[in-house]
Structures are given as structure tokens and as C-alpha cells.
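Note that these values count all heavy atoms, side chains included, but never hydrogens, waters or copies made by symmetry.
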Amino acid sequence: MEQKKSRDNSYDVAKGLCMILVVFGHAERGLSVSGAPPQFSLLGFFDYTIYTFHMPFFFFVSGLFFSSGKTTDPRDFLGKLGKNIAYPYLFWSLLHGSLMVAMGRLGLTNTVIDFTRILEILWNPISPFWFLYALFFCQLASFVLTQLSALVRLALALVLFTLLYSLGHSVLWDIAYGFVYFTLGIVAKQYGFQQRRYDTRSFLGLLAAFAISTYLSWQAEIPERLPFISAVLGIFLVIALSQILARSENAISSVFETLGRLSIGIYVMHIIAIGFGRAVAVKLFQVTDMASLLAITTIIGVALPAIVQMAAIRLGIHEWLALPASAHRRSNDITPSFGRIRKKLKKLS
């Protein structure tokens with residue numbers, strides 16, 4: 001009898017790491033009056049650093065695990081695309097937009113929108129759902145262009161990215177931006193990237209290269225989406241770190257692994273959770289310190305959506321809430337992982 005291939009948990013760990021960075025970035029920018037921290041500050045450099053690679057990472061991994069080929073039935077592909085991306089995008093855009101309207105009128109959000117903005121989601125996504133919007137077209141384009149080699153598609157994506165940047169069309173540029181790293185993931189898969197293993201020496205080398213490249217780009221004031229080398233180094237750096245953590249099998253890696261498996265739920269709900277956490281901290285507990293608010297909103301932005309998603313899985317309503325079937329299939333693994341975390345924490349105490 002053929003033995004079932006074990007799951008590579010390092011990518012769940014990596015998704016958990018990057019999802020925390022996504023939440024932190026949105027929490028930090030939400031707390032800043034100008035929308036971004038002052039240039040040439042430590043926080044400004046950290047903000048620039050994480051924004052160079054955290055979203056490219058998710059596009060890259062999506063491409064790395066993209067399985068549609070020449071023999072895929074178009075109806076099956078479109079059905080999965082609608083269920084896994086289009087439905088979550090529409091459901092959470094409508095819910096998020098409606099809550100933004102209500103919370104904006106109560107003064108609980110930085111951005112005030114009206115219901116007419118919600119009607120525009122078919123051609124102009126509400127932040128942060130631009131990722132799902134772009135991912136939809138990345139997968140659709142990859143399926144339509146499957147007759148072209150992945151390297152040709154990557155060259156096409158780079159040309160489109162450059163052209164749309166010069167034209168200044170933000171939505172199409174978002175799609176082209178994602179398509180570059182999505183296609184890069186497909187290319188990496190064809191060259192056996194998933195079998196590559198990094199050690200501590202490789203991690204330190206990537207860390208040094210990434211730090212130097214990103215610092216030079218920051219000093220030169222290059223927009224955060226343009227340092228392609230820094231983005232690729234950042235992606236490889238996170239994957240290297242996640243492999244090291246996954247091999248350690250400790251409480252920290254288990255936390256990141258669990259958050260990675262719940263990353264979609266955290267992604268679609270974290271802005272709402274951040275707004276709720278900031279409102280409670282400021283209006284109820286009178287917290288005004290930037291560092292404290294940043295810590296509180298980041299923790300709530302990660303923890304609250306994770307708890308909601310696990311509850312939805314337990315209650316069997318995850319599909320109604322447009323949460324992924326993959327999380328449901330792994331729900332039996334998520335609960336034991338918390339058991340492992342508790343046991344490992346007890347050993348440390």
C-alpha cells in the first residue's frame with residue numbers, strides 16, 4: 001500500500017508569519033494620521049520593508065500551488081474560481097463595506113464611505129480586498145494562457161506591470177502586480193522550488209541581502225512596489241525562516257502554522273477587527289500611546305478573526321460565511337495543533 005505523502009507545514013508557518021505582517025501594517029497605517037509613518041524613521045523603514053514583500057509572498061505561494069493545466073475542464077475551473085475567490089470577494093466586500101458605512105458615521109474609522117462606493121466593487125475593489133480581486137484575474141489569465149510557457153507569461157506580466165505603472169491605472173496595476181509574482185510562483189514550481197530546503201546559513205545570507213537591498217531602495221525613495229529584487233529576497237527569506245521554524249516543532253511554530261491555516265479568515269476580517277480594537281482601546285479604556293495601540297490592534301486583528309473562523313468551522317457555517325473549504329478540511333488538524341501548543345508551553349514553564 002502506497003504511503004500518503006506528509007503535508008509540508010512550512011508554508012502554513014510562512015502564511016502565518018506574513019499574515020501577522022499584513023495585520024500589523026494595516027494597524028500601523030490606520031493609526032498614522034497621514035496614512036504612513038514619517039519618512040526616514042525606524043517605523044517608516046519597517047513599514048516600507050514589510051510592504052515590499054508581504055503581498056508578493058501571497059501571490060507567489062498562490063502561483064506555486066496553482067494546479068490548473070491544459071487538461072482541466074473549464075467548467076470545473078470556473079466553478080472553483082467562483083466558490084474559492086469570487087464568492088468570498090463579493091460576500092466580504094459587501095459586509096465590510098456596509099460595516100464601514102455604519103462605523104464611519106459613528107466616527108470609528110479613518111475612512112468614511114457611502115453605499116454608492118459599495119456598488120463599485122465589480123470594477124473598483126474596497127481595500128483590502130484588492131488582493132482577492134487581483135487573484136481572481138491572475139488565476140483566470142493563467143488558465144486562459146496555459147498554452148504559453150510560464151516564462152513567456154512572466155515576461156508578459158512584467159511588460160504589463162511596467163506599462164500600467166506608467167499609465168497610472170491603479171486597479172489594472174494591482175492585477176498586473178499580482179500577476180508578476182503569481183506567475184513567478186508557477187515558474188518556481190516548474191523548477192522544483194517546493195523541494196528546496198534552506199538551512200540557517202542560507203537564512204542569514206538571505207537576511208543580509210534582503211536588508212541591504214531594501215535599505216538602499218528605501219534611501220533612494222523607490223516606491224514600495226518597485227524593488228523587485230527586495231520582494232523576491234523577502235519571499236525566499238520568509239520561506240527559509242518558516243522551514244527552520246517548522247523543523248523545530250515548538251509552540252511558536254505551532255502558533256504560526258495554525259494562523260497560516262486560518263489566514264483567509266484573518267485576511268477578510270482583520271480590518272473590521274482592527275477598527276473594533278482601536279475603538280474599544282481609545283473610547284473605552286482611553287489608551288492613547290502609539291505603541292500600546294499598535295500592539296492591541298495587531299493582536300485583536302489576528303486573534304478575533306481566527307476565533308470567529310474556528311467557531312464557524314465548528315458550527316458548520318463556514319461556507320455560508322465564504323470561508324475556504326481548505327480550512328474545513330484541515331479543521332481536525334487545527335484543534336489538535338492548539339493541544340500541541342498547550343503541551344509545549346507546559347514543558348517550557
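Tyr181 and Tyr177 have perpendicular rings, their planes meeting at more than 60° on a 0 to 90° scale where under 30° would count as parallel. In this structure, His270 and His26 have parallel ring planes: the angle between them is below the 30° cut-off, well short of the 60° mark. Using cut-offs of 30° and 60° on the angle between ring planes, the pair Trp218 and Phe45 is tilted.
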- Passes side-chain contact (heavy atoms from CB on, under 4.5 Å), Ser93 versus Leu90? Steps please. CA-CA 5 Å; Ser93 292; Leu90 292 172; 5.9 Å; no
- Query: Would Thr214 and Thr49 count as a side-chain hydrogen bond (donor to acceptor under 3.5 Å, both in side chains) if you check the C-alpha gap in whole Å, the side-chain angles of each, and the deciding distance to 0.1 Å?
  - Reply: CA-CA 6 Å; Thr214 306; Thr49 298; 5.3 Å; no
- Query: Step by step, would you call Leu184 with Leu154 a side-chain contact (heavy atoms from CB on, under 4.5 Å)?
  - Reply: CA-CA 6 Å; Leu184 184 63; Leu154 179 59; 4.1 Å; yes
- Query: Would Val268 and Phe91 satisfy side-chain contact (heavy atoms from CB on, under 4.5 Å), going step by step from the backbone distance to the final call?
  - Reply: CA-CA 10 Å; Val268 297; Phe91 179 90; over 6 Å; no
- Message: What verdict does the side-chain contact (heavy atoms from CB on, under 4.5 Å) test give for Leu81 and Phe143, after you've listed the backbone C-alpha separation in whole Å, the side-chain angles of each residue and the deciding distance to 0.1 Å?
- Response: CA-CA 11 Å; Leu81 191 65; Phe143 180 75; over 6 Å; no
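The number of heavy atoms from other shown groups lying within 6.0 Å of OH (Tyr165) does not exceed 12. Phe276 CZ: 12 or fewer foreign heavy atoms inside a 6.0 Å radius. The neighbour count for Lys189 NZ, taken as heavy atoms of other residues, nucleotides or ligands under 6.0 Å away, is above 12.
Contact check for His318 versus Leu321: no side-chain heavy atoms found under the 4.5 Å cut-off. Contact check for Phe129 versus Trp92: side-chain heavy atoms found under the 4.5 Å cut-off. Using a 4.5 Å heavy-atom threshold, the side chains of Leu132 and Tyr267 count as touching. With contacts defined as side-chain heavy-atom distances shorter than 4.5 Å, the pair Asn124/Arg117 qualifies. The side-chain heavy atoms of Ile229 and Phe210, taken from C-beta on, include no pair separated by under 4.5 Å. Counting heavy atoms from C-beta on, the side chains of Glu28 and Phe46 never come closer than 4.5 Å. Using a 4.5 Å cut-off on side-chain heavy atoms (C-beta onward), Trp130 and Ser170 make no contact. Residues Leu167 and Trp173 have side chains not in contact (no heavy-atom distance under 4.5 Å, counting atoms from C-beta outward).
Annotation: cation-pi pair Arg29/Phe24 absent, no NZ/CZ under 6.0 Å from the ring centroid and within 45° of its normal.
Under the 3.5 Å distance criterion, the side-chain polar atoms of Glu224 are left unmatched by any main-chain donor or acceptor of Thr52. Checking side-chain atoms of Ser166 against main-chain N and O of Leu163 turns up a donor-acceptor pair under 3.5 Å. With hydrogens and angles ignored, the 3.5 Å screen pairs a side-chain donor or acceptor of His54 with a backbone N or O of Ile50. The backbone N or O of Asn250 lies less than 3.5 Å from a partner atom in the side chain of Ser253, making a donor-acceptor pair. A donor-acceptor contact shorter than 3.5 Å links the side chain of Ser62 to the backbone of Phe58. For the pair Tyr133 (side chain) and Leu122 (backbone), a donor-acceptor distance under 3.5 Å is present. In this structure, the side chain of Thr297 engages the main chain of Leu294 through a donor-acceptor pair within 3.5 Å. The closest donor-acceptor contact from the side chain of Gln243 to the backbone of Arg196 lies under 3.5 Å. Side-chain N or O atoms of Ser242 include one that pairs as donor or acceptor with a backbone N or O of Ser10 at under 3.5 Å. Between the Gln286 side chain and the Lys283 main chain, a donor and an acceptor come within less than 3.5 Å of each other.
Linking Ile, Leu, Val, Met, Phe, Trp and Tyr residues whenever their side-chain heavy atoms come within less than 4.5 Å places Val152 and Leu156 in a single cluster. Tyr51 and Leu216 fall into different hydrophobic clusters, defined by Ile, Leu, Val, Met, Phe, Trp and Tyr side-chain heavy atoms under 4.5 Å apart, directly or through other members. Using a 4.5 Å cut-off between side-chain heavy atoms of Ile, Leu, Val, Met, Phe, Trp and Tyr, with links allowed through other members, Tyr215 and Ile222 fall into the same hydrophobic cluster. Hydrophobic clustering (side-chain heavy atoms under 4.5 Å, transitive across Ile, Leu, Val, Met, Phe, Trp, Tyr) keeps Ile121 apart from Leu119. Hydrophobic clustering of Ile, Leu, Val, Met, Phe, Trp and Tyr side chains at less than 4.5 Å, counting indirect connections, keeps Ile307 apart from Ile299.
Within the model, atoms CG of Leu245 and CZ of Phe203 stand 8.5 Å from one another, a figure rounded to the nearest 0.5 Å. From Glu257, atom CD reaches atom CG of Leu262 across 10.5 Å, with rounding to the nearest 0.5 Å. Atom CG of Leu140 sits about 10.0 Å away from atom CD1 of Ile175, to the nearest 0.5 Å. Here the CZ atom belonging to Arg153 is positioned 13.5 Å from the CG atom belonging to Leu160, to the nearest 0.5 angstrom. Between atom CD1 of residue Ile271 and atom CD1 of residue Ile126 there is a gap of 11.5 Å, rounded to the nearest 0.5 Å. Distance CZ/Phe236 to CG/Leu206: 8.0 Å, rounded to 0.5 Å.
When all heavy atoms are compared, the tightest approach of Met269 to Leu323 is CE-CD2, 4.4 Å. Residue Tyr198 comes nearest to Ile244 through the heavy atom pair O-CG1, 4.4 Å, listed as atom of the first residue, atom of the second, then distance. Nearest heavy-atom pair, Val238 versus Phe53, reported as atom, atom and distance to 0.1 Å: CG2-CE1, 3.3 Å. The heavy-atom pair separating Ile186 from Ala150 by the smallest distance is CG2-CB, 3.9 Å. Scanning both residues, Ser292 and Val287, for their nearest heavy atoms gives CB-CG1, 3.9 Å. Closest approach of Met290 and Leu43 over heavy atoms only: CE-CD2, 4.1 Å.
In summary, Asp8 and Arg197 engage in a salt bridge, as defined by a charged side-chain N under 4.0 Å from a carboxylate O. For Arg225 and Asp174, the salt-bridge test passes: some basic side-chain N is under 4.0 Å from an acidic carboxylate O. A salt bridge links Arg75 to Asp73: one of the charged nitrogens lies within less than 4.0 Å of a carboxylate oxygen.
Side-chain atoms of Arg261 and Asn9 include a donor-acceptor pair closer than 3.5 Å.
In this structure, the ring of Phe59 has its center no less than 6.0 angstrom from the ring center of Phe66. Aromatic ring centroids of Phe131 and Tyr89 lie 6.0 Å or more apart. Here Tyr11 and Phe65 bring their ring centres to under 6.0 angstrom of each other.
In summary, of the residues considered (Val302, Val308, Ile20), a side chain to side chain contact (heavy atoms under 4.5 Å, CB included) with Ile266 occurs for Val302 alone.
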